[in-house]
Amino acid sequence: MLRTSMTEQALEHLEQLIVQEMPITEHLHFSLKPEEDGRLCASAPLKPNANHMGTAFGGSLSMLATLTGWAMMHQLVDNMKQQVEVIIQESDIEYLKPVCENISVVCERPDEDALDRFQDMLDRWGRARLDLKCKIEAAGECAFTFMGRYVALANDEPQPVSDEHSTSPLEVSSEAVR
């Protein structure tokens, strides 16, 4: 079974890693915290993420949901025996109502069956994908939903030097991760 809870110190380290590897996220002023039932929450203040209307900018909501899913994947694969790279393959977003308050994204923990299939696929093929759901509530109602498909690529062997004929991990198609 994959572990899904991290210590406060580990989450702070993960926040630093995200900002270091994805510098644009620094402008979100986000923080991560574990929730009950294995969920992960990312929060960010409204002010630096506001648009011209004083509500949360859609790009900030999208970026915060994407990085929350990425952080959840990082949590899930953190204690695996093999090293993996995590990338997002695709996402679907619905903006249901304006967010007029500080932002809190909650990423749901996948069920055990999905985690077992993910682990089996990763063990067998060296790559696996997992769909993660995130949501944002505003004024007690669902304001935003996000479904992201994340891919884990085993990094057990040195990667070849890129040339015009090689495929980078960011170019993995859905056919390649079956």
Side-chain angles (χ1 to χ4, degrees), residues 1-80 83-112 114-115 118 128-152 169-170:
M1 176 168 47
L2 300 171
R3 178 175 57 114
T4 59
S5 62
M6 298 180 93
T7 66
E8 188 174 313
Q9 182 179 10
L11 283 173
E12 287 175 11
H13 176 72
L14 183 54
E15 289 171 16
Q16 292 170 358
L17 175 68
I18 290 169
V19 170
Q20 178 183 340
E21 296 296 319
M22 299 171 245
I24 195 166
T25 61
E26 181 178 6
H27 302 288
L28 293 171
H29 302 280
F30 74 96
S31 62
L32 298 170
K33 71 175 183 170
E35 295 276 310
E36 54 192 60
D37 300 330
R39 296 179 295 176
L40 181 65
C41 179
S43 58
L46 176 62
K47 189 173 181 179
N49 293 292
N51 62 22
H52 66 290
M53 302 290 289
T55 61
F57 174 58
S60 292
L61 299 177
S62 174
M63 189 182 327
L64 195 58
T66 302
L67 78 83
T68 306
W70 189 90
M72 173 64 84
M73 280 291 290
H74 191 278
Q75 266 187 211
L76 293 169
V77 301
D78 189 48
N79 69 334
M80 298 175 84
Q83 294 289 321
V84 299
E85 293 291 329
V86 174
I87 59 173
I88 187 161
Q89 185 178 44
E90 65 182 83
S91 65
D92 183 50
I93 298 170
E94 288 186 274
Y95 299 92
L96 304 170
K97 62 179 284 185
V99 176
C100 305
E101 56 199 47
N102 289 337
I103 306 162
S104 181
V105 178
V106 176
C107 184
E108 298 294 329
R109 182 183 187 278
D111 64 38
E112 292 304 317
L115 292 174
F118 173 82
R129 61 182 172 209
L130 192 60
D131 292 338
L132 297 175
K133 297 179 211 176
C134 297
K135 68 178 181 175
I136 298 172
E137 289 191 359
E141 296 181 38
C142 187
F144 172 96
T145 61
F146 169 93
M147 176 65 79
R149 175 165 291 157
Y150 292 84
V151 177
L170 296 176

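Sequential numbering from 1 along the given sequence is applied to the chain's residues.
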Main chain of R39, side chain of D37: is a donor-acceptor contact present, judged purely on distance under 3.5 Å?
no
Kindly compute the distance separating CZ (R149) from CZ (R129), expressed to the nearest 0.5 Å.
5.0 Å
Can you name the nearest heavy-atom pair linking L11 to P34, along with the distance?
CD1-CD, 3.1 Å
To the nearest 0.5 Å, atom OG1 of T145 lies from atom CG of L61 at 11.5 Å
Listed once per pair and sorted, the ring pair (Phe, Tyr, Trp, His ring centres under 6.0 Å) pairs that draw on residues 87-110, sequence neighbours left out:
Y95-F144
Taking only residues two or more places apart in sequence, or in another chain, which ones meet K133 in a salt bridge (charged side-chain N to carboxylate O under 4.0 Å, His left out)?
none
Test side chain to side chain contact (heavy atoms under 4.5 Å, CB included) on E137 and V106 and set out the steps.
CA-CA 9 Å; E137 289 191 359; V106 176; over 6 Å; no
Closest contact, heavy atoms only, S62 versus I93
OG-CD1, 3.3 Å
What is the distance from atom CG of D92 to atom CD of E90, rounded to the nearest 0.5 Å?
8.5 Å
Of all heavy-atom pairs linking L130 and P110, the shortest is CD2-CG, 3.7 Å
V86 backbone acceptor or donor facing W70 side chain under 3.5 Å:
yes
Determine whether more than 12 heavy atoms belonging to other residues, nucleotides or ligands lie under 6.0 Å from atom CD of E35.
yes
Which value, rounded to the nearest 0.5 Å, describes the distance between M63 atom CE and F30 atom CZ?
10.5 Å
Any side-chain heavy-atom pair of Y150 and T66 under 4.5 Å:
yes
To the nearest 0.5 Å, what is the distance between SG on C142 and NZ on K135?
6.0 Å
Closest non-hydrogen atom pair, T55 against L46:
C-CD1, 3.8 Å
Please examine the side chains of L96 and E141, heavy atoms only from C-beta on, and report whether any two atoms are closer than 4.5 Å.
no
Qualifying side chain to side chain donor-acceptor pair (under 3.5 Å) pairs with a residue from residues 96-108, counting only residues at least two apart or across chains:
none
Give every donor-acceptor pair under 3.5 Å between a side-chain atom in residues 13-23 and any protein atom, sequence neighbours left out.
unit_1: E15; atom_1: OE2; unit_2: L32; atom_2: N; d: 2.7

Check side chain to side chain donor-acceptor pair (under 3.5 Å) between S60 and all other residues, then give those that pass, not counting sequence neighbours.
N49
Taking every heavy atom of A152 against every heavy atom of M73, the minimum-distance pair comes out as CB-CE, 4.2 Å
For S31, what residues pass the side chain to side chain donor-acceptor pair (under 3.5 Å) criterion, not counting sequence neighbours?
S43
Can you give me the closest heavy-atom contact between C107 and T68, atom names plus distance?
CB-CG2, 3.6 Å
